[in-house]
**Student:** 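Before I ask anything, let me first share the structure, which is written out below as structure tokens.
Labels below follow one simple rule: chain letters A, B, ... track the order of the sequence lines, proteins then strands, and each chain is numbered from 1.
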Protein chains: 2
Amino acid sequence: MKMVINIKSKRSLADRLSAYLSGHGFKSTRQRDSIIRIFSESGRHLSADELHALVKKTAPGIGYATVYRTLKLLSEAGLAHESRFEDGFTRYELSETTAHHDHLICTGCGHILEFENKEIEQLQKVVARKNDFHVTSHKLEMYGFCGECSRKRKK
Amino acid sequence: MKMVINIKSKRSLADRLSAYLSGHGFKSTRQRDSIIRIFSESGRHLSADELHALVKKTAPGIGYATVYRTLKLLSEAGLAHESRFEDGFTRYELSETTAHHDHLICTGCGHILEFENKEIEQLQKVVARKNDFHVTSHKLEMYGFCGECSRKRKK
DNA sequence: GTAGGTGCAAACGCTTTGCATCTGG
DNA sequence: CCAGATGCAAAGCGTTTGCACCTAC
């Protein structure tokens, strides 16, 4: 019997996108490849405009629409996170492989739900910066009742 | 010597606005009064569009521009908070007299800074809703080093 | 060959602004 | 009176969409 060694390395974003594309009847194109590559090479949060400007350097003809459509696609594929910021721009962030998460704690049944919220994390950084504070760790907990316990209590 | 008794009651929003207006060379107008009144009578978060619709019921001729300009004014006066939400609308919330606050805890000197962040609060509600969770209380704590302790540690 | 993608420009939806007119102090 | 406010319509601005042409599969 042959042992298949499954090297559980992080799959590159390009790989993950390819898998998503072929799995959903979409095509892999030159433009999408450029956008993905530039996006993953660059810093974290990018607006469509910023990304378009970067991509245009290596793929001059590319249009805004393609960038927007690709970003939508990435979001739908769960490979990017889209969030509106106070400056009026929507920025995109590539998904991490592992992520910090916080907790929803049910005081009814003791069940703990995990969640992660990049926007809260981001805002926490802003709060820290405003207060001239260097954060080493943080904890966000919400206490209350899970859906099931909530419904039980209403009876 | 005459003693001035300073009754520290909560001033109404209208009062606080009036004070701001007269203190900054602005005029008090029928339209502004309507907007303020309707806004404070209604629920918490309103988009300009929602507010305009409400105000139009009692002040038919009012235009969007006036609503927008008044909301800007309120924000600048510190009487309202403006925040962009994921639905693409900017919503406004009247400032509270007292507000929930969270903590920045310095592990260097034990000093505790308080902060409040409406956006984080709002996002917590979104997280709860997404998880079918009814929140009764929450706690957000950030641990780290205050500006002073940060600088000491670098030496 | 054909479903799907691209680029362009026009359309969209929310917000801001220019301008003529009006009004509070 | 006149600085500031209003209402309207037009302009802005980020994003989406319609359409003719193109390309990966």
Side-chain angles (χ1 to χ4, degrees), chain A residues 14 17-39 45-77 80-92, chain B residues 14 17-39 45-77 80-92:
Chain A
L17 181 69
S18 290
Y20 180 82
L21 292 178
S22 54
H24 291 74
F26 293 127
K27 292 172 184 171
S28 154
T29 65
R30 191 169 31 83
Q31 291 90 334
R32 280 177 184 161
D33 292 348
S34 298
I35 293 168
I36 288 287
R37 188 172 46 75
I38 305 281
F39 195 6
H45 291 84
L46 285 177
S47 66
D49 187 62
E50 290 162 344
L51 185 51
H52 177 248
L54 287 174
V55 173
K56 216 161 49 176
K57 288 182 191 170
T58 55
I62 203 151
Y64 272 98
T66 300
V67 173
Y68 275 107
R69 286 188 279 230
T70 302
L71 286 170
K72 267 279 175 296
L73 194 62
L74 284 170
S75 298
E76 282 157 14
H81 176 77
E82 179 184 330
S83 53
R84 289 170 194 271
F85 286 84
E86 292 299 318
D87 64 2
F89 280 81
T90 297
R91 290 182 203 287
Y92 297 81
Chain B
L17 182 69
S18 291
Y20 180 81
L21 293 177
S22 54
H24 291 74
F26 295 128
K27 291 173 184 172
S28 154
T29 66
R30 190 168 32 82
Q31 290 91 334
R32 281 176 182 162
D33 292 348
S34 298
I35 292 169
I36 288 287
R37 188 171 46 75
I38 307 279
F39 195 6
H45 292 83
L46 286 177
S47 66
D49 188 61
E50 290 163 344
L51 185 51
H52 177 246
L54 287 174
V55 173
K56 217 161 49 174
K57 287 183 190 169
T58 55
I62 204 153
Y64 272 98
T66 301
V67 173
Y68 275 106
R69 286 187 280 228
T70 302
L71 286 171
K72 265 281 174 293
L73 194 62
L74 283 170
S75 299
E76 282 158 14
H81 176 77
E82 178 185 331
S83 52
R84 290 170 193 270
F85 286 83
E86 292 299 317
D87 64 2
F89 278 82
T90 297
R91 289 182 203 288
Y92 295 82

**Student:** Per the side chain to side chain donor-acceptor pair (under 3.5 Å) rule, what does the pair list look like for residues 19-29 of chain A, sequence neighbours excluded?
**Tutor:**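 Side chain to side chain donor-acceptor pair (under 3.5 Å) check on residues 19-29 of chain A returns no pairs.
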**Student:** Calculate the interatomic distance between A:L71 atom CG and D:dT15 atom P; express it in whole Å.
**Tutor:**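 For the pair A:L71 CG and D:dT15 P, the rounded distance is 10 Å.
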**Student:** What is the distance from NZ of B:K56 to C1' of D:dG7, rounded to the nearest Å?
**Tutor:**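 Rounded to whole Å, this separation is 12 Å.
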**Student:** Please report, rounded to the nearest Å, how far the P atom of D:dT16 is from the CG atom of A:D49.
**Tutor:**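 The answer, rounded to whole Å, is 13 Å.
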**Student:** OP1, OP2 of C:dC14 versus side-chain N and O of B:S47: anything below 4.0 Å?
**Tutor:**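 No, outside the criterion.
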**Student:** Grab the NZ-P distance between A:K72 and C:dG4 for me, whole Å please.
**Tutor:**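 So the NZ-P distance, A:K72 to C:dG4, works out to 20 Å.
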**Student:** Just how far, in rounded Å, is C1' of D:dC13 from OH of A:Y64?
**Tutor:**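 A:Y64 atom OH is separated from D:dC13 atom C1' by 11 Å.
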**Student:** Is any side-chain N or O of B:Y68 closer than 4.0 Å to OP1 or OP2 of C:dT15?
**Tutor:**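 Answer is yes, contact under 4.0 Å.
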**Student:** Expressed in angstrom and rounded to an integer, what is the separation of B:L46 atom CG from C:dT15 atom C1'?
**Tutor:**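 So the two atoms are 17 Å apart, to the nearest Å.
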**Student:** Can you pull out every side chain to side chain donor-acceptor pair (under 3.5 Å) where at least one residue sits in residues 56-77 of chain B? Sequence neighbours excluded, please.
**Tutor:**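 Non-adjacent pairs meeting side chain to side chain donor-acceptor pair (under 3.5 Å): B:D49-B:Y64.
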**Student:** With sequence neighbours left out, what residues match B:A59 under side chain to side chain contact (heavy atoms under 4.5 Å, CB included)?
**Tutor:**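 In terms of side chain to side chain contact (heavy atoms under 4.5 Å, CB included), with neighbours along the sequence ignored, B:A59 is linked to B:S34, B:V55.
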**Student:** Provide, to the nearest angstrom, the distance between the CG atom belonging to A:L51 and the P atom belonging to D:dG14.
**Tutor:**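 Value for this atom pair: 15 Å.
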**Student:** Could you please spell out the steps behind the side chain to side chain contact (heavy atoms under 4.5 Å, CB included) verdict for B:I62 and B:I35?
**Tutor:** CA-CA 10 Å; B:I62 204 153; B:I35 292 169; 3.9 Å; yes
**Student:** In residues 24-33 of chain B, which residues come under 4.0 Å of DNA chain D by heavy atom?
**Tutor:**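 The answer is B:G25, B:F26, B:K27, B:T29, B:Q31, B:R32.
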**Student:** For nucleotides 18-22 of chain D, which of its nitrogen or oxygen atoms have a protein nitrogen or oxygen under 3.5 Å away, and what is each distance?
**Tutor:**
none

**Student:** Residues in side-chain hydrogen bond (donor to acceptor under 3.5 Å, both in side chains) with A:Q31, at least two apart?
**Tutor:**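 For A:Q31 there are no side-chain hydrogen bond (donor to acceptor under 3.5 Å, both in side chains) partners, ignoring immediate neighbours.
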**Student:** For the helix from C:dG1-D:dC25 to C:dG25-D:dC1, figure out the bend between the end axes, five pairs an end, and round to 10 degrees.
**Tutor:**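 End axes: 30° apart.
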**Student:** Do B:L73 and B:L21 make a side-chain contact, defined as non-hydrogen atoms from C-beta onward lying under 4.5 Å apart?
**Tutor:**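 They are in contact (side-chain heavy atoms under 4.5 Å apart), so the answer is yes.
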**Student:** Could you check whether any side-chain heavy atom of B:L54 comes within less than 4.5 Å of a side-chain heavy atom of B:L46, counting everything from C-beta outward?
**Tutor:**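 Contact flag for B:L54/B:L46 side chains = yes.
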**Student:** With rounding to the nearest 0.5 Å, note down the distance linking CG in A:L51 to CD1 in A:I36.
**Tutor:**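 Going from CG on A:L51 over to CD1 on A:I36, the span is 9.0 Å.
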